[in-house]
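These notes concern the structure reproduced below.
Values reported hereafter were calculated over all heavy atoms of this structure, with side chains retained and with hydrogens, waters and symmetry mates removed. All chains are named by letter (A, B, ...) in the order of the sequence lines, taking the proteins before the strands, and each is independently numbered beginning at 1. If you're wondering where the values come from, they're calculated on a predicted model, not measured in any experiment.
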Amino acid sequence: MTDLTFLRESAEIVAPRLLGCILERRVDGKTLRVKIVETEAYDQNDAASHSYRGRTSRTDVMFGPSGRLYVYFTYGMHYCCNVVVGPRDYGAAVLIRAVEPLFGVGSIEKRRGKTGVEATNGPAKLCQALAIDKAMNGHNLHTGTLRLIVQGALPSSAITQTTRIGISQAADIPWRFYITGNPFVSKR
DNA sequence: AGCGGGATTTTCT
DNA sequence: GAAAATCCCGCTT
């Protein structure tokens, strides 16, 4: 069991810290492994966050213990996934916006029907690539078919920090982080 | 390469 | 009833 206690820190601290970490997924008898290359922080005091309007059936997982997966459905057809962070009863999470496939690339591209960066360079794309849907909401990332494997923190010189994508509220807060120059980042 | 529109349904006002 | 932490396709430069 890997040590995920750092996930109790605030979202804006954890978001850059998750860059370079590994997600390992077991599905259809195969093991997939990807590297996180782009993240965004969401906090309950942040108007762009689903948790801003309080604890609801949808946001319940965000207010639970850190180290769980928060999966939401949007635009009538897409799933996006977050790592729940912060203390229990505090609604915060880090959106995984893009990943770089390391192992099981063929399986990932087949599930997506796309190849290369198009397979995983977006939050809904990577969920489809890793077969993540509502059934995975609340999943404990320490164990089971989807695990978070911590890697050493990247130097800040390797990370670009900028504003988040696709939001209208609090659009000026620079809580998007990505690995500078990585081709799987969703937008430059 | 960049823009515009359509898809499609959950969630909250 | 409107908006939504998006993606894909087709059309224009």
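One atom, CD of A:Glu118, and another, C1' of C:dT6, lie 13 Å apart when rounded to the nearest Å. The distance from atom CD1 of A:Ile96 to atom C1' of C:dA5 is 12 Å, rounded to the nearest whole Å. Atom C1' of nucleotide C:dC7 and atom OH of A:Tyr79 are separated by 15 Å, given to the nearest angstrom. Between A:Leu95 atom CG and C:dT6 atom C1' the separation is 11 Å, expressed in whole Å. For the pair A:Ile165 CD1 and C:dT6 C1', the interatomic distance rounds to 11 Å; values are reported in whole Å. Rounded to whole angstrom, the span from the OH atom of A:Tyr72 across to the P atom of C:dA5 amounts to 6 Å. For the pair A:Lys187 NZ and B:dG2 C1', the interatomic distance rounds to 11 Å; values are reported in whole Å. Separating the CG atom of A:Asn82 from the C1' atom of C:dA5 is a distance of 8 Å, rounded to the nearest angstrom.
Taking the charged nitrogens against the carboxylate oxygens, A:Asp46 and A:Arg164 do have a contact shorter than 4.0 Å, which makes a salt bridge.
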Dump the pairs, protein N or O against N or O of nucleotides 9-13 of chain C, anything under 3.5 Å, distances to one decimal.
{"residue": "C:dC9", "atom": "OP2", "partner": "A:Lys114", "partner atom": "NZ", "Å": "3.3"}

Between the protein and nucleotides 9-11 of chain B, list the N/O to N/O atom pairs that are separated by less than 3.5 angstrom.
{"residue": "B:dT11", "atom": "OP1", "partner": "A:Lys134", "partner atom": "NZ", "Å": "3.2"}

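Among C:dC8, C:dA4, C:dT6, the nucleotide with an atom closest to any side-chain atom of A:Arg112 is C:dC8. Candidate nucleotides C:dA5, B:dT13, C:dC7 were compared by shortest atom distance to the side chain of A:Tyr70, and C:dA5 ranks first.
Within 4.0 Å (heavy atoms only), A:Ile167 reaches sugar-phosphate atoms of the nucleic acid but no base atom. Among the heavy atoms of the strands lying under 4.0 Å from A:Ala48 is at least one base atom, whether or not backbone atoms are also near.
In this structure, the side chains of A:Asp28 and A:Arg111 come closer than 4.5 Å at one or more pairs of heavy atoms. Using a 4.5 Å cut-off on side-chain heavy atoms (C-beta onward), A:Leu19 and A:Asn182 make no contact.
A:Thr180 and A:Thr160 share a side-chain donor-acceptor pair at under 3.5 Å. Side-chain atoms of A:Thr145 and A:Arg25 form a donor-acceptor pair, as typed in the model, at a separation below 3.5 Å.
With A:Val34 as the partner, the side-chain contact (heavy atoms from CB on, under 4.5 Å) test is satisfied by one option alone out of A:Leu23, A:Ile22, A:Leu102: A:Leu23.
Of all heavy-atom pairs between A:Ala11 and A:Ala93, the closest is CB-O, 3.8 Å.
Between A:Arg53 and the phosphate of C:dA4, there is no side-chain N or O to OP1/OP2 separation shorter than 4.0 Å.
With hydrogens and angles disregarded, no donor-acceptor distance shorter than 3.5 Å links the side chain of A:Gln44 to the backbone of A:Gly54. Of the possible donor and acceptor atoms, none in the side chain of A:Ser49 sits under 3.5 Å from a partner among the backbone N and O of A:Tyr42.
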### Message
Let me check I have this right: for DNA chain C, each base becomes ., (, ), [, ] or |, based on Watson-Crick or G-U pairs with both distances under 3.5 Å. What is the full string?
### Response
||||.|||||||.
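B:dC3 and C:dA5 have their P atoms separated by 22 Å, with the value rounded to a whole Å.
Below 30°, between 30° and 60°, or above 60°: for A:Tyr79 and A:Phe73 the angle between ring planes is between 30° and 60°, a tilted geometry.
Environment of CZ in A:Arg8: sparse, with no more than 12 heavy atoms of neighbouring residues, nucleotides or ligands closer than 6.0 Å.
Transitive grouping of hydrophobic side chains (ILVMFWY, heavy atoms separated by less than 4.5 Å) keeps A:Met62 and A:Leu18 in distinct clusters.
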